[in-house]
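Everything below concerns the one structure shown next.
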Amino acid sequence: MDLLLILTYAAICWTIFKIFRIPVNQWTLATAVLGGIFLISALLLLMSYNHPYSGDGRIYFTSAPVIPVVGGQVVEVPVTPNAPLKKGDILFRIDPRPYQFSVDQKKAALAEAEQSVLQLKAAMDAANAAVTGAEASRDRSLQAFEKFQQSNENAKSSGRGAVFSELEVENRRGIYLTSEATVDTARAQAVQAKLAYESEINGTNPTVARLQAELNNAQYELDQTVVRAPSDGYVTQVFLRPGMMANPLPLRPVMVFIDSQDRMLAAAFIQNSLQRVRVGDEAEVSFKAVPGKIFKARVGEVIDVMAQGQLQPSGALIDPQSPERVSPGQTLARIELLESTEDYQLPGGVVADVAVYTHHWHHVAVLRKVLLRMSSWMNYVFLEH
(Lines give C-alpha, C1' and ligand atoms only; values in the text may rest on other atoms or scores of the structure.)
Protein backbone atom coordinates (compact mmCIF):
# COMPACT_ATOMS: atom_id res chain seq x y z
CA MET A 1 0.00 0.00 0.00
CA ASP A 2 2.80 2.43 0.84
CA LEU A 3 4.60 1.52 -2.37
CA LEU A 4 1.42 2.17 -4.34
CA LEU A 5 1.16 5.69 -2.92
CA ILE A 6 4.80 6.39 -3.73
CA LEU A 7 4.47 5.06 -7.28
CA THR A 8 1.23 6.97 -7.81
CA TYR A 9 2.79 10.21 -6.58
CA ALA A 10 5.87 9.63 -8.74
CA ALA A 11 3.66 9.05 -11.78
CA ILE A 12 1.72 12.26 -11.06
CA CYS A 13 4.94 14.25 -10.65
CA TRP A 14 6.36 12.84 -13.89
CA THR A 15 3.15 13.72 -15.70
CA ILE A 16 3.14 17.28 -14.33
CA PHE A 17 6.79 17.76 -15.24
CA LYS A 18 6.08 16.59 -18.80
CA ILE A 19 2.81 18.44 -19.37
CA PHE A 20 3.88 21.78 -17.90
CA ARG A 21 7.47 21.43 -19.11
CA ILE A 22 8.89 22.11 -15.69
CA PRO A 23 12.68 22.11 -15.76
CA VAL A 24 14.33 19.34 -13.82
CA ASN A 25 16.85 20.83 -11.40
CA GLN A 26 17.79 20.60 -7.77
CA TRP A 27 15.02 23.01 -6.71
CA THR A 28 12.14 21.35 -8.56
CA LEU A 29 13.28 17.86 -7.58
CA ALA A 30 13.69 18.87 -3.93
CA THR A 31 10.26 20.47 -3.96
CA ALA A 32 8.67 17.37 -5.50
CA VAL A 33 10.42 15.00 -3.06
CA LEU A 34 9.66 17.07 0.06
CA GLY A 35 6.09 17.59 -1.06
CA GLY A 36 5.71 13.88 -1.62
CA ILE A 37 7.14 13.09 1.81
CA PHE A 38 4.71 15.40 3.58
CA LEU A 39 1.73 14.46 1.43
CA ILE A 40 2.23 10.71 1.59
CA SER A 41 3.05 10.81 5.32
CA ALA A 42 -0.12 12.78 6.01
CA LEU A 43 -2.21 10.36 3.95
CA LEU A 44 -0.67 7.34 5.65
CA LEU A 45 -1.30 8.80 9.10
CA LEU A 46 -4.90 9.67 8.27
CA MET A 47 -5.62 6.28 6.72
CA SER A 48 -3.81 4.39 9.48
CA TYR A 49 -5.86 6.06 12.21
CA ASN A 50 -9.23 6.48 10.53
CA HIS A 51 -9.26 3.55 8.11
CA PRO A 52 -6.85 0.83 9.25
CA TYR A 53 -5.18 -1.39 6.73
CA SER A 54 -3.30 -4.62 7.32
CA GLY A 55 -1.20 -6.62 4.93
CA ASP A 56 -1.00 -9.40 7.52
CA GLY A 57 -4.44 -10.94 7.25
CA ARG A 58 -4.46 -14.70 7.52
CA ILE A 59 -6.82 -17.67 7.77
CA TYR A 60 -6.04 -19.35 11.08
CA PHE A 61 -7.02 -22.95 11.78
CA THR A 62 -6.73 -25.47 14.61
CA SER A 63 -4.35 -28.38 14.38
CA ALA A 64 -4.80 -31.02 17.07
CA PRO A 65 -2.02 -33.48 17.84
CA VAL A 66 -3.34 -37.04 17.94
CA ILE A 67 -2.02 -38.83 21.04
CA PRO A 68 -3.54 -42.19 22.08
CA VAL A 69 -5.02 -42.56 25.56
CA VAL A 70 -3.54 -46.07 25.92
CA GLY A 71 -0.33 -47.51 24.61
CA GLY A 72 0.43 -50.55 22.54
CA GLN A 73 1.37 -51.87 19.15
CA VAL A 74 -0.46 -50.42 16.16
CA VAL A 75 -2.26 -53.13 14.20
CA GLU A 76 -4.18 -51.07 11.62
CA VAL A 77 -4.06 -47.59 10.08
CA PRO A 78 -7.11 -47.37 7.78
CA VAL A 79 -7.08 -43.57 7.45
CA THR A 80 -5.97 -41.85 4.24
CA PRO A 81 -3.91 -38.65 4.55
CA ASN A 82 -5.76 -35.41 3.68
CA ALA A 83 -9.04 -37.28 2.98
CA PRO A 84 -12.22 -35.83 4.53
CA LEU A 85 -13.29 -37.53 7.77
CA LYS A 86 -16.44 -37.43 9.86
CA LYS A 87 -16.49 -37.29 13.62
CA GLY A 88 -15.98 -40.82 14.97
CA ASP A 89 -14.20 -42.22 11.91
CA ILE A 90 -11.35 -44.59 12.78
CA LEU A 91 -7.84 -43.17 12.58
CA PHE A 92 -5.91 -46.24 13.76
CA ARG A 93 -6.19 -49.28 16.02
CA ILE A 94 -3.94 -50.47 18.83
CA ASP A 95 -3.62 -54.18 19.64
CA PRO A 96 -6.65 -54.76 21.93
CA ARG A 97 -5.67 -58.17 23.31
CA PRO A 98 -3.94 -57.06 26.54
CA TYR A 99 -6.88 -54.82 27.35
CA GLN A 100 -9.40 -57.53 26.45
CA PHE A 101 -7.61 -59.90 28.84
CA SER A 102 -7.90 -57.29 31.59
CA VAL A 103 -11.64 -56.91 30.90
CA ASP A 104 -12.14 -60.68 31.07
CA GLN A 105 -10.23 -60.83 34.36
CA LYS A 106 -12.32 -58.03 35.86
CA LYS A 107 -15.53 -59.72 34.72
CA ALA A 108 -14.51 -62.97 36.43
CA ALA A 109 -13.62 -61.13 39.63
CA LEU A 110 -16.94 -59.28 39.52
CA ALA A 111 -18.88 -62.52 39.07
CA GLU A 112 -17.00 -64.02 42.02
CA ALA A 113 -17.82 -60.96 44.14
CA GLU A 114 -21.50 -61.17 43.22
CA GLN A 115 -21.45 -64.84 44.20
CA SER A 116 -19.87 -63.85 47.51
CA VAL A 117 -22.76 -61.45 48.09
CA LEU A 118 -25.17 -64.36 47.77
CA GLN A 119 -23.04 -66.28 50.25
CA LEU A 120 -23.18 -63.35 52.63
CA LYS A 121 -26.98 -63.37 52.38
CA ALA A 122 -27.04 -67.09 53.12
CA ALA A 123 -24.74 -66.51 56.10
CA MET A 124 -27.06 -63.76 57.36
CA ASP A 125 -30.09 -66.04 57.04
CA ALA A 126 -28.20 -68.81 58.89
CA ALA A 127 -27.25 -66.36 61.64
CA ASN A 128 -30.86 -65.22 62.01
CA ALA A 129 -31.96 -68.87 62.19
CA ALA A 130 -29.29 -69.51 64.85
CA VAL A 131 -30.70 -66.60 66.87
CA THR A 132 -34.18 -68.10 66.64
CA GLY A 133 -32.89 -71.51 67.75
CA ALA A 134 -30.86 -70.03 70.60
CA GLU A 135 -33.87 -68.04 71.82
CA ALA A 136 -36.04 -71.18 71.76
CA SER A 137 -33.42 -73.13 73.72
CA ARG A 138 -33.14 -70.27 76.19
CA ASP A 139 -36.90 -70.19 76.68
CA ARG A 140 -36.98 -73.95 77.41
CA SER A 141 -34.12 -73.57 79.86
CA LEU A 142 -35.93 -70.70 81.55
CA GLN A 143 -39.14 -72.68 81.83
CA ALA A 144 -37.29 -75.68 83.32
CA PHE A 145 -35.48 -73.46 85.82
CA GLU A 146 -38.70 -71.68 86.82
CA LYS A 147 -40.52 -75.06 87.13
CA PHE A 148 -37.85 -76.46 89.47
CA GLN A 149 -37.79 -73.27 91.51
CA GLN A 150 -41.61 -73.03 91.73
CA SER A 151 -41.96 -76.68 92.72
CA ASN A 152 -39.55 -76.20 95.66
CA GLU A 153 -41.36 -73.05 96.77
CA ASN A 154 -44.75 -74.77 96.67
CA ALA A 155 -43.40 -77.72 98.65
CA LYS A 156 -41.94 -75.44 101.30
CA SER A 157 -45.18 -73.46 101.65
CA SER A 158 -47.19 -76.68 102.20
CA GLY A 159 -44.75 -77.92 104.86
CA ARG A 160 -43.32 -80.68 102.74
CA GLY A 161 -39.69 -81.14 101.87
CA ALA A 162 -38.08 -79.75 98.72
CA VAL A 163 -38.90 -81.72 95.59
CA PHE A 164 -35.56 -80.91 93.95
CA SER A 165 -32.24 -80.34 95.59
CA GLU A 166 -30.58 -76.95 95.56
CA LEU A 167 -27.89 -78.38 93.31
CA GLU A 168 -30.46 -79.37 90.68
CA VAL A 169 -32.06 -75.93 90.83
CA GLU A 170 -28.66 -74.24 90.43
CA ASN A 171 -27.84 -76.53 87.52
CA ARG A 172 -31.07 -75.48 85.81
CA ARG A 173 -30.24 -71.84 86.52
CA GLY A 174 -26.76 -72.30 85.02
CA ILE A 175 -28.22 -73.95 81.94
CA TYR A 176 -30.57 -70.97 81.52
CA LEU A 177 -27.78 -68.40 81.92
CA THR A 178 -25.67 -70.30 79.40
CA SER A 179 -28.57 -70.28 76.95
CA GLU A 180 -28.96 -66.52 77.50
CA ALA A 181 -25.30 -66.00 76.67
CA THR A 182 -25.68 -68.19 73.61
CA VAL A 183 -28.57 -65.97 72.46
CA ASP A 184 -26.42 -62.83 72.89
CA THR A 185 -23.62 -64.45 70.89
CA ALA A 186 -26.01 -65.53 68.12
CA ARG A 187 -27.50 -62.04 67.98
CA ALA A 188 -24.03 -60.46 67.67
CA GLN A 189 -23.15 -62.87 64.87
CA ALA A 190 -26.44 -62.08 63.16
CA VAL A 191 -25.73 -58.33 63.36
CA GLN A 192 -22.25 -58.93 61.96
CA ALA A 193 -23.64 -61.01 59.10
CA LYS A 194 -26.26 -58.36 58.41
CA LEU A 195 -23.66 -55.58 58.30
CA ALA A 196 -21.50 -57.62 55.95
CA TYR A 197 -24.44 -58.26 53.63
CA GLU A 198 -26.20 -54.88 53.79
CA SER A 199 -23.07 -52.69 53.62
CA GLU A 200 -23.65 -50.74 50.39
CA ILE A 201 -22.34 -47.83 48.29
CA ASN A 202 -25.19 -46.34 46.28
CA GLY A 203 -27.13 -49.56 46.74
CA THR A 204 -24.22 -51.86 45.80
CA ASN A 205 -21.93 -54.05 47.85
CA PRO A 206 -18.53 -52.27 48.33
CA THR A 207 -16.53 -55.12 46.83
CA VAL A 208 -18.91 -55.38 43.91
CA ALA A 209 -18.82 -51.59 43.45
CA ARG A 210 -15.02 -51.54 43.43
CA LEU A 211 -14.75 -54.38 40.95
CA GLN A 212 -17.47 -52.83 38.79
CA ALA A 213 -15.48 -49.58 38.68
CA GLU A 214 -12.33 -51.49 37.76
CA LEU A 215 -14.26 -53.30 35.02
CA ASN A 216 -15.58 -49.99 33.66
CA ASN A 217 -12.05 -48.58 33.61
CA ALA A 218 -10.73 -51.70 31.84
CA GLN A 219 -13.58 -51.48 29.32
CA TYR A 220 -12.80 -47.78 28.75
CA GLU A 221 -9.15 -48.57 28.06
CA LEU A 222 -10.24 -51.33 25.68
CA ASP A 223 -12.47 -48.87 23.82
CA GLN A 224 -9.56 -46.41 23.56
CA THR A 225 -7.55 -48.90 21.52
CA VAL A 226 -9.62 -47.63 18.59
CA VAL A 227 -8.58 -43.99 18.03
CA ARG A 228 -11.29 -41.97 16.29
CA ALA A 229 -11.58 -38.53 14.70
CA PRO A 230 -12.60 -35.95 17.34
CA SER A 231 -14.60 -33.90 14.81
CA ASP A 232 -15.07 -33.36 11.10
CA GLY A 233 -11.76 -32.76 9.40
CA TYR A 234 -8.78 -34.70 8.09
CA VAL A 235 -5.35 -35.90 9.17
CA THR A 236 -2.08 -34.94 7.58
CA GLN A 237 1.50 -36.11 7.92
CA VAL A 238 0.45 -39.74 8.47
CA PHE A 239 3.69 -41.61 9.00
CA LEU A 240 2.23 -44.19 11.40
CA ARG A 241 2.38 -47.78 10.19
CA PRO A 242 1.19 -51.15 11.59
CA GLY A 243 3.79 -52.65 13.89
CA MET A 244 4.89 -49.32 15.34
CA MET A 245 4.36 -48.47 19.01
CA ALA A 246 1.97 -45.69 20.00
CA ASN A 247 2.16 -44.56 23.63
CA PRO A 248 0.52 -41.72 25.56
CA LEU A 249 3.77 -40.90 27.39
CA PRO A 250 5.98 -39.18 26.55
CA LEU A 251 3.53 -36.85 24.80
CA ARG A 252 4.57 -37.55 21.22
CA PRO A 253 1.81 -37.06 18.60
CA VAL A 254 1.49 -39.81 16.01
CA MET A 255 -0.71 -37.77 13.66
CA VAL A 256 -1.88 -34.20 13.14
CA PHE A 257 -5.65 -33.69 12.92
CA ILE A 258 -7.04 -30.60 11.20
CA ASP A 259 -10.53 -29.42 12.16
CA SER A 260 -12.22 -28.41 8.90
CA GLN A 261 -14.83 -26.24 10.65
CA ASP A 262 -12.68 -24.32 13.13
CA ARG A 263 -11.26 -21.55 10.96
CA MET A 264 -10.92 -17.83 11.49
CA LEU A 265 -9.85 -14.98 9.26
CA ALA A 266 -7.96 -12.45 11.35
CA ALA A 267 -5.89 -9.41 10.53
CA ALA A 268 -3.07 -7.91 12.58
CA PHE A 269 -3.19 -4.13 13.03
CA ILE A 270 -0.79 -1.76 14.73
CA GLN A 271 -2.13 -0.63 18.07
CA ASN A 272 -3.23 2.91 17.19
CA SER A 273 -5.08 1.68 14.10
CA LEU A 274 -7.84 0.07 16.15
CA GLN A 275 -8.86 3.10 18.21
CA ARG A 276 -11.83 3.82 15.98
CA VAL A 277 -12.63 0.30 14.82
CA ARG A 278 -15.93 -1.08 16.08
CA VAL A 279 -17.63 -4.44 15.67
CA GLY A 280 -19.74 -4.38 12.52
CA ASP A 281 -17.56 -1.91 10.59
CA GLU A 282 -17.34 -2.52 6.87
CA ALA A 283 -14.19 -4.22 5.60
CA GLU A 284 -12.77 -5.53 2.35
CA VAL A 285 -10.42 -8.46 1.90
CA SER A 286 -8.06 -9.22 -0.95
CA PHE A 287 -6.46 -12.66 -0.83
CA LYS A 288 -3.10 -13.00 -2.52
CA ALA A 289 -4.27 -16.48 -3.61
CA VAL A 290 -7.19 -14.86 -5.50
CA PRO A 291 -5.65 -11.84 -7.24
CA GLY A 292 -8.03 -9.31 -8.68
CA LYS A 293 -10.96 -10.29 -6.43
CA ILE A 294 -12.23 -8.14 -3.54
CA PHE A 295 -14.38 -9.84 -0.89
CA LYS A 296 -16.89 -7.91 1.18
CA ALA A 297 -16.49 -8.43 4.92
CA ARG A 298 -17.08 -6.85 8.29
CA VAL A 299 -15.31 -6.68 11.65
CA GLY A 300 -16.62 -9.53 13.80
CA GLU A 301 -14.53 -9.05 16.91
CA VAL A 302 -11.51 -7.17 18.20
CA ILE A 303 -9.43 -9.61 20.25
CA ASP A 304 -8.45 -7.74 23.39
CA VAL A 305 -5.18 -9.53 24.16
CA MET A 306 -1.77 -9.65 22.51
CA ALA A 307 0.97 -12.24 22.69
CA GLN A 308 3.47 -9.68 24.04
CA GLY A 309 1.50 -9.32 27.27
CA GLN A 310 0.81 -12.94 28.16
CA LEU A 311 2.19 -14.45 31.37
CA GLN A 312 2.58 -18.12 32.15
CA PRO A 313 3.70 -19.83 35.39
CA SER A 314 7.45 -20.32 35.44
CA GLY A 315 10.42 -20.04 37.76
CA ALA A 316 11.62 -16.80 36.19
CA LEU A 317 10.66 -13.20 36.89
CA ILE A 318 9.19 -10.93 34.24
CA ASP A 319 11.88 -9.48 31.99
CA PRO A 320 10.56 -6.40 30.11
CA GLN A 321 13.58 -6.58 27.80
CA SER A 322 12.98 -10.16 26.73
CA PRO A 323 12.82 -10.58 22.92
CA GLU A 324 9.10 -11.43 22.91
CA ARG A 325 8.26 -8.16 24.75
CA VAL A 326 10.63 -5.71 23.08
CA SER A 327 8.38 -5.23 20.05
CA PRO A 328 5.15 -3.32 20.72
CA GLY A 329 3.04 -6.08 19.22
CA GLN A 330 -0.03 -5.99 17.03
CA THR A 331 -3.69 -6.50 17.79
CA LEU A 332 -5.80 -9.12 16.01
CA ALA A 333 -9.27 -8.44 14.70
CA ARG A 334 -11.53 -11.26 13.55
CA ILE A 335 -12.94 -10.57 10.09
CA GLU A 336 -16.19 -12.15 8.92
CA LEU A 337 -16.50 -12.68 5.18
CA LEU A 338 -19.88 -11.71 3.73
CA GLU A 339 -19.25 -13.50 0.43
CA SER A 340 -18.84 -17.21 -0.14
CA THR A 341 -15.36 -18.52 -0.87
CA GLU A 342 -16.42 -22.04 -1.84
CA ASP A 343 -15.48 -21.44 -5.47
CA TYR A 344 -11.90 -20.62 -4.51
CA GLN A 345 -9.08 -22.73 -3.15
CA LEU A 346 -8.24 -21.00 0.14
CA PRO A 347 -6.28 -23.37 2.39
CA GLY A 348 -5.65 -22.53 6.00
CA GLY A 349 -2.78 -20.12 6.42
CA VAL A 350 -3.29 -18.09 3.23
CA VAL A 351 -2.54 -14.39 3.61
CA ALA A 352 -4.70 -11.45 2.70
CA ASP A 353 -4.83 -7.66 2.66
CA VAL A 354 -7.60 -6.28 4.86
CA ALA A 355 -8.94 -2.73 4.89
CA VAL A 356 -11.43 -1.54 7.50
CA TYR A 357 -13.68 1.43 6.76
CA THR A 358 -14.79 3.34 9.83
CA HIS A 359 -17.33 6.17 9.92
CA HIS A 360 -14.68 8.92 9.88
CA TRP A 361 -13.12 10.78 6.95
CA HIS A 362 -15.16 9.35 4.11
CA HIS A 363 -12.83 10.69 1.42
CA VAL A 364 -9.89 8.89 2.96
CA ALA A 365 -11.97 5.73 2.92
CA VAL A 366 -12.56 6.16 -0.82
CA LEU A 367 -8.80 6.52 -1.35
CA ARG A 368 -8.19 3.38 0.70
CA LYS A 369 -10.67 1.44 -1.44
CA VAL A 370 -8.98 2.66 -4.61
CA LEU A 371 -5.56 1.66 -3.31
CA LEU A 372 -6.81 -1.78 -2.23
CA ARG A 373 -8.20 -2.43 -5.70
CA MET A 374 -4.97 -1.25 -7.29
CA SER A 375 -3.02 -3.61 -5.06
CA SER A 376 -5.29 -6.52 -5.96
CA TRP A 377 -5.02 -5.63 -9.66
CA MET A 378 -1.23 -5.49 -9.47
CA ASN A 379 -1.21 -8.91 -7.82
CA TYR A 380 -3.35 -10.19 -10.67
CA VAL A 381 -1.07 -8.68 -13.33
CA PHE A 382 2.21 -9.86 -11.86
CA LEU A 383 1.04 -13.26 -10.60
CA GLU A 384 -1.21 -14.26 -13.47
CA HIS A 385 0.71 -12.74 -16.37
Side-chain angles (χ1 to χ4, degrees), residues 69-72 94-226 247-249:
V69 177
V70 297
I94 295 174
D95 189 355
R97 289 177 295 177
Y99 301 97
Q100 184 62 59
F101 297 154
S102 179
V103 169
D104 295 340
Q105 182 183 13
K106 299 301 181 184
K107 286 182 177 179
L110 179 61
E112 183 179 358
E114 291 174 344
Q115 185 66 30
S116 298
V117 172
L118 298 178
Q119 294 175 358
L120 289 175
K121 185 178 185 304
M124 184 186 69
D125 295 339
N128 291 333
V131 170
T132 302
E135 288 177 345
S137 178
R138 178 204 59 190
D139 293 341
R140 289 194 300 272
S141 300
L142 177 59
Q143 291 174 359
F145 167 64
E146 291 177 345
K147 181 178 179 180
F148 275 49
Q149 191 178 38
Q150 188 65 37
S151 297
N152 281 353
E153 290 177 357
N154 291 339
K156 289 180 180 179
S157 61
S158 61
R160 294 179 294 144
V163 178
F164 303 103
S165 64
E166 292 295 330
L167 180 59
E168 289 178 322
V169 174
E170 286 299 321
N171 286 339
R172 292 296 176 179
R173 181 173 178 275
I175 293 173
Y176 160 67
L177 294 176
T178 301
S179 300
E180 186 68 38
T182 302
V183 169
D184 293 338
T185 302
R187 286 176 177 172
Q189 292 175 347
V191 171
Q192 184 179 8
K194 181 179 180 181
L195 290 175
Y197 172 70
E198 295 184 351
S199 178
E200 295 180 348
I201 297 177
N202 296 330
T204 307
N205 179 269
T207 303
V208 173
R210 175 177 60 82
L211 292 174
Q212 182 65 58
E214 292 179 359
L215 175 60
N216 293 341
N217 183 69
Q219 184 63 52
Y220 171 77
E221 291 182 344
L222 176 61
D223 295 339
Q224 296 307 308
T225 59
V226 180
N247 294 299
L249 293 175

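All heavy atoms count here, side chains included; hydrogens, waters and symmetry mates do not.
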Tell me the closest heavy-atom pair linking [X] and [Y], and the distance in Å.
| X | Y | result |
| --- | --- | --- |
| Ala190 | Ala127 | CA-CB, 3.5 Å |
| Ser141 | Ile175 | OG-CG2, 3.5 Å |
| Gly71 | Asn247 | CA-OD1, 3.5 Å |
| Val70 | Ile94 | O-CD1, 3.3 Å |

Let me confirm one number: the [atom1]-[atom2] distance from [X] to [Y], rounded to the nearest 0.5 Å.
| X | Y | atom1 | atom2 | answer |
| --- | --- | --- | --- | --- |
| Ser102 | Leu215 | OG | CG | 8.5 Å |
| Leu222 | Asn217 | CG | CG | 11.5 Å |
| Lys107 | Leu211 | NZ | CG | 14.0 Å |
| Gln224 | Glu221 | CD | CD | 9.0 Å |

| task | Would you list the pairs meeting side chain to side chain donor-acceptor pair (under 3.5 Å) in which at least one residue belongs to residues 127-139, sequence neighbours left out? | result |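 Checked against side chain to side chain donor-acceptor pair (under 3.5 Å) - neighbours excluded - the pairs reaching residues 127-139 are Glu135-Arg187.
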| message | Under the side chain to side chain contact (heavy atoms under 4.5 Å, CB included) test against Val103, which residue among Gln100, Lys106, Gln105 passes? | response |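 With Val103 as partner, Gln100, Lys106, Gln105 yield a single side chain to side chain contact (heavy atoms under 4.5 Å, CB included), made by Gln100.
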